[in-house]
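First comes the structure, then the notes that go with it.
Below, chains carry the letters A, B, ... as their sequence lines are ordered, and counting in each starts from 1.
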Amino acid sequence: MVNLQKKSSIIRLFHVYKTYSDKNALVDITVDVAQNEFLFISGPSGAGKTTLLKLLYLGQYASQGQILVDGVNIARISKKKIPLFRRKFGIIFQDYKLIPQKTVYHNIALVLEATGKKGRIIPQKIRSVLRTVGMEDRIDMYPPSLSGGEQQRVAVARALATDPKIILADEPTGNLDIQSAGIVLKLLIQFYIRGATVILATHNLELIRKTGGRVVHLKDGKVQAITWHEPIRDF
Amino acid sequence: MFLFVKRAFKDILENSFVSSITIVIIGLIILIISTFLLFLDNAAGAISDWKSGIRIMVYLQPGTNAIDFSKVKKNIQEINLVNKVRFISKEEALAILRKQLNRQGSLLDNLKENPLPDAFDVQVASNFRRKGPDLDEIEAVALKIESIPGVQQVEYGQKWIERFSAVFDLFRLVGLATAGLFVMAGIFIIANTIRLVLYARQDELEIMRLVGASEWFIKTPFYIQAIIQGGLGAFAGMMVLYFGYQYLNTSDQQGLSFINIHFLSMNTCLSIMIASMILGWLGCYLSLKQFLRK
Ligand SMILES: Nc1ncnc2c1ncn2[C@@H]1O[C@H](COP(=O)(O)OP(=O)(O)O)[C@@H](O)[C@H]1O
Ligand SMILES: [Mg+2]
């Protein structure tokens, strides 16, 4: 799918540990993620996938070890600079995390405003990302009136809206039927084709088989293996 | 900035029930405090008016002749702090009394001779400008006058003013302490309202954090909201006070007009308003601090 060798690393984890009180959620993780790679993190529930993603966007601090993002040791990022740092990422969750009281339009407008966009750019951008995910006719609807797949597409549009370099997707298809899952996956691959780096955490091996790519297998917080899968068909 | 104000107003409207209760309670607190201030302000004014109106009456021994009068007057005038000295002859005093007695004045016609003494009316100044003289000051002057030959008796300042002054000071202290408690209650109420909004917006806050919204972007609307609530509450409270004041001032003219009640000055009103806004700010600060720690 990609030629990894030529690309430099955008994310490097070096002997990273994460301990919750007395539980080791991650143990000695050393992984490099190349610029514009589509990387899977797989493993059973409780393996530490979510924790790993959280460490990347500083939702949590690593207990030990070093994480570099764009060449910066993220442990050194001051609290004040965290918001700016987070704008590198577009994050997608299993439960969508849309605000039910806001329309699709305002859900996306919120992140644009929060990241300092102003004026006419906002409606333009919203329309364009909704077109990308095929949801422009739902612009004035509220999330609860949408299907799970549609909600996740809105969430994807929201992640896209700020033009992030890196997409972190935590079980994005976990609640979706096969067809919706396929649509969401295709969207993520589109991002990747446009140049973004995508890290997708899932316990669904079917997704991996369809897409292909490098897979980090986690279990009990440890890296069990790193494998490479050929895609069964190219998107 | 406009966006923040818009968001703040939206929040207030969305939680209109809680917000209006908050504003009403803040209004009540401000009403109580500013009523108290109004009272203090007027009472302090009245007391100093009374004090400056205090005079020393110096009664002369009967049979003192005219030459002695001027001597006594000169002696009095030489005392420190003495402002004005006016001679009241016994005839003048009788005339005044007759006037005061009004219709019963004819009673005095039966007197064979004038029983009243000649007197001086002495007005005392104060070391402290503007304020009336202290009772200590009056007392000191009175003592000196008493020792002047030809003076029979000295009468001055109603003791009750002094006592009233002391009670007033105590009242002010208790009042200020109570006002302090009310202010704390106000902060607590605003903090609570903001916390309710924070809970309602929990998901939104989390998302804003995840996408990299600055702390400033996240918090400012809450501060604006709290400041608006503080300001509106203060405005409402003072409007009620003002209308109450107007009502009393116009309807009960006979009863109250002997004391000239004046409303709080523009500066005081503005200060109360600003203080109430700061109170809102503080409530919000506490709420955010507690909420975001989790
Ligand atoms: N905030 C937390 N506090 C304590 N333990 C946690 C916390 N988050 C995750 N864990 C534990 O860390 C381990 C890894 O969790 P997680 O990263 O969510 O796994 P996954 O996403 O692969 O299911 C689990 O055993 C989980 O119970
Ligand atoms: Mg998980």
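- Side-chain N or O atoms of A:Arg86 include none that pairs as donor or acceptor with a backbone N or O of B:Val211 at under 3.5 Å.
- Dense packing is recorded around OH of A:Tyr20, with more than 12 heavy atoms of other residues, nucleotides or ligands lying under 6.0 Å away.
- For the atom pair B:Leu210 CG and A:Phe93 CZ, the distance stands at 4.5 Å (nearest 0.5 Å).
- Between B:Met208 and A:Leu110 the shortest side-chain heavy-atom distance falls below 4.5 Å.
- The candidate with the highest count of non-hydrogen atom pairs below 4.5 Å against chain B, out of A:Lys102, A:Lys118, A:Gln101, is A:Lys102.
- Contact of the A:Lys79 side chain with the B:Glu215 side chain is not registered, since no non-hydrogen atoms from C-beta on lie closer than 4.5 Å.
- Remark: B:Phe168 CZ is packed, more than 12 non-hydrogen atoms of other residues, nucleotides or ligands lying under 6.0 Å away.
- Taken to the nearest 0.5 Å, the CD1 atom of A:Ile99 stands 7.0 Å off from the CG atom of B:Asp203.
- Summarising the geometry of B:Ala213 relative to A:Pro83, their closest heavy-atom pair is O-CB, 3.6 Å, with the distance given to 0.1 Å.
- Applying the 6.0 Å contact sphere to CZ of B:Phe217 captures more than 12 heavy atoms from other residues, nucleotides or ligands.
- Around the CZ atom of A:Phe14, the shell of radius 6.0 Å holds no more than 12 heavy atoms that belong to other residues, nucleotides or ligands.
- With rounding to the nearest 0.5 angstrom, the CZ atom of B:Arg209 is 12.5 Å from the OH atom of A:Tyr57.
- When the shell of 6.0 Å around OH of B:Tyr285 is examined, it contains 12 or fewer heavy atoms from other residues, nucleotides or ligands.
- If you take CG on A:Asn107 and CD on B:Glu204, they are separated by 8.5 Å, rounding to the nearest 0.5 Å.
- Note that CZ of B:Phe4 is 9.0 Å distant from CD of A:Glu113, once rounded to the nearest 0.5 Å.
- In this structure, B:Tyr245 places its OH atom where more than 12 heavy-atom neighbours from other residues, nucleotides or ligands lie under 6.0 Å away.
- Residue B:Arg172 qualifies as enclosed at atom CZ: its count of foreign heavy atoms under 6.0 Å is above 12.
- Counting heavy atoms of neighbouring residues, nucleotides and ligands inside a 6.0 Å radius, atom OH of A:Tyr105 exceeds 12 of them.
- Of the two parts of B:Ile207, only the side chain, counted from C-beta on, holds a non-hydrogen atom closer than 4.5 Å to a non-hydrogen atom of chain A.
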